[in-house]
Every structure is written in C-alpha cells, then in structure tokens.
Amino acid sequence: MEKEEKDIRIDMNDEEETDDINAEDRPFIRRFGKIMLVLFICLLAGCYYIFVVELCIFTVQLLEAKITFLVIFHLLFLLCVWSYLRTVMTPPAVPPAKFRLSESDKQRYLSERKPEVLQEILVRMAKDLPISTKDSKGAFRYCDICQLLKPERCHHCPVCDICILKLDHHCVFLNNCVGFSNYKSFLLCVVYALLLCLFTSAVSLYGSILFWTHQLPNTQAKVPIIVLFSLSTFCCVMLLLLLYIHCHWAVDNITSREGESGTWNERYDLGLSKNLRQVFGDEKKYWFLPVFSSLGDGYTFPMTDATKDIEKNAAAVAKDITESQN
C-alpha cells in the first residue's frame, strides 16, 4: 500500500523531475561542487599573480603601460569577483509560506489515496494563489519533497533539494543554484569575466610577442605568460558562447530550464526592453552593478495580452489572405 501511495504522489507531481538525483548521490555532488569552487578560486589567484607580478611588474618596461594595464585589470577583476561572490553567496529564493499546505490539508493529502481527492485539495488551495501553470496532465504542480504548490516558473533543484523561484540552472562552478535572486549577478559575472579574459589575453599576447621577437631576454616569466595567454584565450571562447546563449534567453525572457526543455510560455515575452528590465530593473544606474534590482517577486510574472495577440494574429492572417487573392 505504501508503494501504491507513493506512485499516486508521483503522478500528481510535475513531470519535470526526470533528472532527479538519488539521495545518496547528493552529498557527493555537493562536495564535488565545493572542490570545483576551491579550484576555480585557486586558478583565479594564480592568473592574478602571473598578470600582476610576472607580466606587469617584471616584464613590461614602460611605466605608463604598467599603470594602465594594472588599473584596467584591477577594475575588471574587482567587478568580476564582486559579481561572482554575489552569485555564490546569495541564497536561492524559495516560494513563500502561502504556497505550502496547511497542517490539516497536509495530513489529509498524505493519508489520501484517490488521485481526484488529492487534486481537489490542490485546486481548493490554488484558487487563492497566483498559479496558472499545470503539468502535462492538467494537474497543479505539487512538490512532495518541499510539500508545496509550485508557483509559476518554479522548479525543484535535485542537487540543492529545494524548490527555487524562476530556477535557471544549478552551476557546479558556483556550488549554487542560479535563479530569481541571483540571475542578474550571474549574467554580470559572465560579462565581466569575458572582458577580463579578453584584456588579459591581449596583454599577455603582447608580452609573449616581446619574448618571441627577442625584444626581451628569456626569463622565468616567459612560460607563465604564454600559459596565461593560452588559458585566457580558451576562457574567452567558452565565456563568449555562454554569454551568447544567456543573452539570447534573457532577451526573450526564457530561463535555461525552459529553453532546454521546451516548456517556455511565449506570453512571458514582453519585448526586448521590458524583458531586460525584468532582469536588471528600472534603475539604469544599477544595471552594471551586482546588486539585486530585478523586478517582481519571483512567483508572479507579467504577460502579454492574449486578446491583443489573437487580434494581431487574425489581422496578419487576413492580410495574407487578401494578398493571396490579389
């Protein structure tokens, strides 16, 4: 009977959790994420040392060039690290208490076996909540693990093991989920990391050329600078691809999860300007700073007017018919 009851609950859930992780694997994945986080910080510290000490201080001869390189590098470096730390240290936003079942409904839900009664409990609760998204069977999405009704664009992260508002993805290099609360700082981190890598690649290429053309004597700094150029160039390519993907999704108001699974609702697309303001906010002075300024509460989202969409499509169809007749 217990297995039958569990099967009923799974049917009531959203079918999105196909990538669910076993409970015994979760601690390993979390530890692996912490290791990747430490390795990333060590790599960043190593690149910082090579650029500042080996390249700028010991290799570059002109004082004006040294100062210029160091000022630009530290400006980009501080913005990148600030954005990275904000993304890593910001806790994922979770649904508020009103999306959780009351104790009486929870006990009834846990003891009930009939799917129609279970759905009746969820329907009665959902009528007072801003929820319109349902699963493929037309049922409200309920998470048995977190014991709550899932708001719009909310998903359960199998690694963090919690439901997260506007979940985009779980990033192993951050050891954290990227969602409503830190998506802006994540995008800025990618942007500033790309600019930092581009600048580092250009300056390290300049230093490498000085060695290759024998304008500088071969010193112990030659190999680290060439390695820095290769590494920063490789990171430029990876970050450029990552930024292209996320800019495309941000412009269309799509999360990574929605884009990859094909579950995006086109009515979330408000147009380029409004979509960007959903992420960066209305105050343009905060757009390029990793401080939270996104619009909304994370569980309700403005949508385009369905009536206008229907009228627009009907007008387009009528125009096509008229042109074909002529």
Side-chain angles (χ1 to χ4, degrees), residues 14-20 83 86-87 90 92-95 99 130-136 140-141 143 149-160 162-174 176-194 238-282 284 286-288 290 292-306 308-310 312-313:
D14 184 7
E15 294 179 353
E16 69 190 1
E17 318 301 350
T18 55
D19 58 345
D20 199 8
S83 302
R86 285 284 298 183
T87 309
T90 300
V94 298
F99 288 93
I131 298 178
S132 61
T133 303
K134 297 182 181 181
D135 62 18
S136 58
F140 285 103
R141 303 182 307 140
C143 179
L149 277 169
K150 294 180 182 178
E152 306 297 304
R153 313 180 84 175
C154 174
H155 302 280
H156 187 89
C157 174
V159 180
C160 297
I162 54 174
C163 284
I164 297 173
L165 297 178
K166 200 181 179 183
L167 174 64
D168 191 86
H169 68 283
H170 183 92
C171 182
V172 65
F173 293 104
L174 301 172
N176 195 13
C177 272
V178 176
F180 174 74
S181 61
N182 60 355
Y183 186 65
K184 176 194 170 185
S185 57
F186 168 76
L187 280 182
L188 290 178
C189 180
V190 176
V191 171
Y192 291 134
L194 176 60
M238 296 295 103
L239 288 169
L240 186 61
L241 292 174
L242 182 63
L243 182 62
Y244 171 78
I245 293 172
H246 279 279
C247 282
H248 169 69
W249 282 335
V251 165
D252 291 335
N253 203 352
I254 306 174
T255 65
S256 299
R257 194 178 188 99
E258 293 166 346
E260 294 171 357
S261 63
T263 58
W264 173 63
N265 187 340
E266 63 180 8
R267 292 186 61 196
Y268 291 136
D269 188 357
L270 308 175
L272 174 61
S273 177
K274 291 183 179 179
N275 287 343
L276 290 178
R277 288 206 299 270
Q278 287 292 306
V279 177
F280 294 98
D282 288 328
K284 293 184 179 180
Y286 297 124
W287 276 23
F288 300 103
F292 182 80
S293 59
S294 301
L295 300 182
D297 49 27
Y299 55 85
T300 56
F301 301 93
M303 294 187 179
T304 55
D305 191 340
K308 291 182 180 179
D309 292 341
I310 294 173
K312 183 178 179 181
N313 294 335

Would Leu149 and Arg141 count as a side-chain contact (heavy atoms from CB on, under 4.5 Å) here? Give the steps. CA-CA 6 Å; Leu149 277 169; Arg141 303 182 307 140; over 6 Å; no
Please find the pair of heavy atoms, one from Arg86 and one from Pro290, that lie closest to each other, and give the distance.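 Looking at all heavy atoms of both residues, the closest pair is NE-O, 2.9 Å.
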Taking every non-hydrogen atom, the tightest pair across Arg257 and Ser261: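 Answer, listing the atom of Arg257 first, then Ser261: O-OG, 2.6 Å.
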Got a sec, which residues hit side chain to side chain contact (heavy atoms under 4.5 Å, CB included) with [X], two or more places apart in sequence or on another chain?
X      : result
Thr300 : Pro130, Asp297
Phe288 : Tyr192
Ile245 : Trp249
Val190 : Phe186, Leu239, Leu242, Leu243

Kindly write out the residues that satisfy side-chain hydrogen bond (donor to acceptor under 3.5 Å, both in side chains) with [X], not counting sequence neighbours, or none if the list is empty.
X      : value
Gln278 : none
Asp168 : Ser256
Thr90  : none
Lys166 : none

From [atom1] ([X]) to [atom2] ([Y]), nearest 0.5 Å:
X      : Y      : atom1 : atom2 : result
Cys157 : Ile164 : SG    : CD1   : 5.0 Å
Asn253 : Glu266 : CG    : CD    : 12.5 Å
Phe99  : Cys163 : CZ    : SG    : 11.5 Å
Leu276 : Leu295 : CG    : CG    : 11.0 Å
Cys143 : His156 : SG    : NE2   : 5.0 Å
Asp252 : Tyr268 : CG    : OH    : 14.5 Å

Would you please indicate yes or no on a ring centroid separation below 6.0 angstrom for His246 and His169?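 Distance test on ring centres: under 6.0 Å, yes.
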Proximity of Tyr286 and Phe280 rings by center, below 6.0 Å: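 Ring centres of Phe280 and Tyr286 not closer than 6.0 Å.
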Among residues at least two apart in sequence or on other chains, which ones pass salt bridge (charged side-chain N to carboxylate O under 4.0 Å, His left out) with Arg277?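 Once residues adjacent in sequence are excluded, the partners of Arg277 under the salt bridge (charged side-chain N to carboxylate O under 4.0 Å, His left out) criterion are Asp282.
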Looking at residues at least two apart in the chain, or sitting in another chain, which of them share a salt bridge (charged side-chain N to carboxylate O under 4.0 Å, His left out) with Glu152?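 Partners of Glu152 under the salt bridge (charged side-chain N to carboxylate O under 4.0 Å, His left out) test: none.
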Do any N or O atoms from the side chain of [X] and from the backbone of [Y] form a donor-acceptor pair under 3.5 angstrom?
X      : Y      : result
Glu258 : Thr255 : yes
Arg267 : Thr304 : yes
Asn182 : Gly179 : yes

For Asp269 and Asn275, does a side-chain donor sit closer than 3.5 Å to a side-chain acceptor?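 Yes, because at least one side-chain N or O of Asp269 sits under 3.5 Å from a partner of the opposite role on Asn275.
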Distance under 6.0 Å and angle within 45° of the ring axis: does Arg153 meet both against Tyr299?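 Output no; distance or angle outside limits.
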Identify which one of Leu167, Asn176, Val178 satisfies the side chain to side chain contact (heavy atoms under 4.5 Å, CB included) criterion when paired with Pro92.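 Testing each of Leu167, Asn176, Val178 against Pro92, the sole residue satisfying side chain to side chain contact (heavy atoms under 4.5 Å, CB included) is Asn176.
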Could I get the full list of ring-ring contact (aromatic ring centres under 6.0 Å, His included) partners for Phe292, not counting sequence neighbours?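 Here the qualifying residues are Phe180.
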Candidate pair Ser185 and Thr87, rule side-chain hydrogen bond (donor to acceptor under 3.5 Å, both in side chains), full reasoning: CA-CA 6 Å; Ser185 57; Thr87 309; 3.1 Å; yes
